[in-house]
Amino acid sequence: MSVSEQFLHHRGPITCAAQIGNSQQIITSGYDSAVALFDIDTEQVELLGYHEHLVNRVTVNQAGTLAASASSDYNIYLWDLTDKSLKRVLKGHDDDVEDFVFINDHLGASVSRDWRILLWDLDTGSIERVILGHEKDVLSINYFAGKLYTSGDDMTLRVWDITTGKQQAKIGPFTTETDSCAIDEQNHRLVLGCDDGIVRVFDLQTHELIAQLQGHTSAIKKVAVSPTNGNILSAAYDQRILIWDHQNFEQIQQLESKNALWERSFNWASDGQRVVAGSFDGTVFVWDVTSGACIHHLGAQHAHGNACFNDVASKGDGTLVAVSDDGIIRVGELTSEQARWHTQYVPQNGRVLMNAVHFCPHMQKVIAGAHNQHLYLFERSQQNLHEQASIALLEGPINSIVSAHHNGFEGDLFVACYSGKVAHLASDGRQIKKIAAHDNAVKALALHPHKRLGVSCCAEGELVSWDFEGNILQHYLGHTAIIDDVAIDPSGQYVASAGRDFILKVHGLEDGRLLHCIHIGKRSPKGLLFLDQSTVIITNYWGELLKVDLTNGAVIRSCIAKNGISTVVRHGELLAATSYDGAIYLVEPTQLTTVNSLRSMAQKTSEPAYA
């Protein structure tokens, strides 16, 4: 297989990368569910196989003979790196598996969004022990000297004895989530990356706080410790990759930034002189630690980005504007009779992943929100886009954008930011205020059809309403996990939210009274909208659309995509649903049947590895 053919297999972001022992090979996994080997010297790629869903972490044992890939298909695959084969599938988690650690060649441990830690017999695939104690999703795990170290969304770092499964210590809770932890064996320290942008360092034995490293302005998504001297690497949503001295904890390097960076994917090379990471482009970066320069970009000559669609806006006349992981804004036409792209646009300062897009009918503008904390304003003329402004909000990645049509606020923008703020801007991009709506990432927001108020939801499961002046009006009974989307019904009486606790909740908008609480199955929801006052449409990460009848709680399901459906919007009398599989689907809302589709890429080229 040629290099160009092999790179087609990574048509999604590489979420994790790790060096295999002292070799020049890197094993990678990604949103496209693929697991592959990159060779640094030759840039050859060898595909090992596929999961059924995106891969969150890849780990290699000390000898470099085994690898484990942890996936959102709820499974862990064990790969034999000597003969490049799938050795075993570990089944037992009830939600996304976020991380895995080899204790030795026969025993391993994993953590998941099901709040559990599982110990595995790697020879048989059986579960040796279930460890309970975390109160929310567990995202990171490490092992040292008979103990496991875990952290996650409950804002704690916990220590467990692997023999008994008992908790030995709980550090925290802190004020924000603790997504990443690492162990410095040489200097006997624990390193914790927190969503407040601070790296906290603790004594491994006493758990006493030794240092707080303040260099990031946004949430830290990865910390890693140099295998040679204990220097600390931290990567955050402010697009900074910093290296800290292990002795005095001073910042000694900032690695060269790249538009396609994926902050969760960083790792040290075994020589301690290089850092490797996967990207949103499906490529691999390698940095020289001494100079901070990016010295390799594996796969760059074949990378065209990944059209995994994250959001779509409808003009209502058949025209759609979509944004995706590849940082390209696409304008297309999708009707029952037509499915074609008209134009695509790359922002003037380059491609960067975009999570949000909105069409403002009042101002006839397209507004896109990016991972680099910027908002992009475009004037639309016929099928073309003309960039008017790039606005740095500096509140973390942008997750959602809506515009107001209310008297005195026509064309004003409300933007959901990772920092917990809702940014309020004038139609020309001038910043008016930032509403402190949440203490954690704002995942989505919606505006009332008539009144000057909005609702927003966050990663901590909180749901609130606020007025345009920035006053918090109502706290609703939220969820026990991330709320991914929120919607207000056309009459303005009800607010619906869907969370990763697999629950749809509907409240009275003004009185906050819980009206409906409906379980929607063990597949994480993503987007939602009110079809009418008594019908809610929900998308999930498994390619399904769900139609929920609020009058009787009945749920109808239809699988229309081969990967998660990121959002669903009204598109005339029909619905438009975007998927990470590279397509936008036109859907008839009564039966949830696909009428037509507009595709930009074919994501997967073979069946999962176990098939």
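Quick caveat, the model's predicted, so the values are computed rather than measured. All heavy atoms count here, side chains included; hydrogens, waters and symmetry mates do not.
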- Message: For the aromatic rings, using the six-membered ring if either is Trp, is the centroid distance between Phe409 and Phe468 under 6.0 Å?
- Response: yes

- Item | Flag, side chain of Ser566 to backbone of Thr578, donor-acceptor distance under 3.5 Å | yes

- Gap separating the OG atom of Ser497 from the CG atom of Leu528, nearest 0.5 angstrom: 7.5 Å

- Is there a donor-acceptor contact under 3.5 Å from the side chain of Ser71 to the main chain of Leu54? yes

- Message: I'd like to know if the side chain of Asp288 reaches the main chain of Ala293, judged simply by a donor and an acceptor atom lying under 3.5 Å from each other, with no hydrogens or angles considered.
- Response: no

- Classify the ring geometry between Trp262 and His371 as parallel (under 30°), tilted (30 to 60°) or perpendicular (over 60°). tilted

- Task: Please determine if Glu395 and Lys434 form a salt bridge, counting it only when a charged side-chain N lies under 4.0 Å from a carboxylate O.
- Result: yes

- Note on the structure: Taken to the nearest 0.5 Å, the spacing of Ser419 OG from Asp238 CG works out to 12.0 Å

- Is the side chain of Ser218 donor-acceptor paired with the backbone N or O of Ala236 at a distance under 3.5 Å, no angle test? no

- Task: Over 60° means perpendicular and under 30° means parallel, so classify the ring planes of Phe285 and Trp287, tilted if in between.
- Result: tilted

- Message: Return the CD1 to CD1 distance between Ile367 and Ile329, rounded to the nearest 0.5 Å.
- Response: 11.5 Å

- Ser324 vs Arg330, side-chain hydrogen bond (donor to acceptor under 3.5 Å, both in side chains): CA-CA, chis, key distance, verdict: CA-CA 9 Å; Ser324 55; Arg330 291 173 172 83; 3.2 Å; yes

- Taking the side chain as every heavy atom from C-beta outward, state whether Asn231 and Ile252 have any pair of such atoms under 4.5 Å apart. yes

- Quiz item: cation-pi between Arg500 and Tyr541, 6.0 Å / 45°: yes

- Item | Nearest heavy-atom neighbours spanning Val199 and Ser234 | CG2-CB, 3.7 Å

- Item | Leu575 vs Leu586, side-chain contact (heavy atoms from CB on, under 4.5 Å): CA-CA, chis, key distance, verdict | CA-CA 6 Å; Leu575 304 176; Leu586 188 65; over 6 Å; no

- Query: Below 4.5 Å, heavy atoms only, C-beta onward: do Ile232 and Leu213 meet side chain to side chain?
  - Reply: yes

- Item | Glu333 with Arg340: basic N within carboxylate O range, under 4.0 Å | yes

- Backbone N or O of His450 within a donor-acceptor pair of the His405 side chain at under 3.5 Å? no

- Note on the structure: Rounded to the nearest 0.5 angstrom, the CZ-CG distance for Arg274 and Asn267 is 13.0 Å

- Item | Check against side-chain hydrogen bond (donor to acceptor under 3.5 Å, both in side chains), Ser403 and His358 | CA-CA 8 Å; Ser403 65; His358 177 73; 2.6 Å; yes

- Quick one: does Gln373's side chain have a donor or acceptor within less than 3.5 Å of a partner on Gly396's backbone? yes

- Query: Charged N to carboxylate O below 4.0 Å: is that the case for Arg113 and Asp137?
  - Reply: yes

- Item | pair Ile401-Leu375: side-chain heavy atoms closer than 4.5 Å | yes

- Query: Would you say Gln338's side chain and Thr335's backbone share a donor-acceptor pair under 3.5 angstrom?
  - Reply: no

- Item | Residues, nucleotides or ligands: over 12 heavy atoms within 6.0 Å of Glu573 CD | no

- Ion pair check, Arg264 and Asp179, cut-off under 4.0 Å: yes

- Query: Is there a donor-acceptor contact under 3.5 Å from the side chain of Arg599 to the main chain of Asp581?
  - Reply: yes

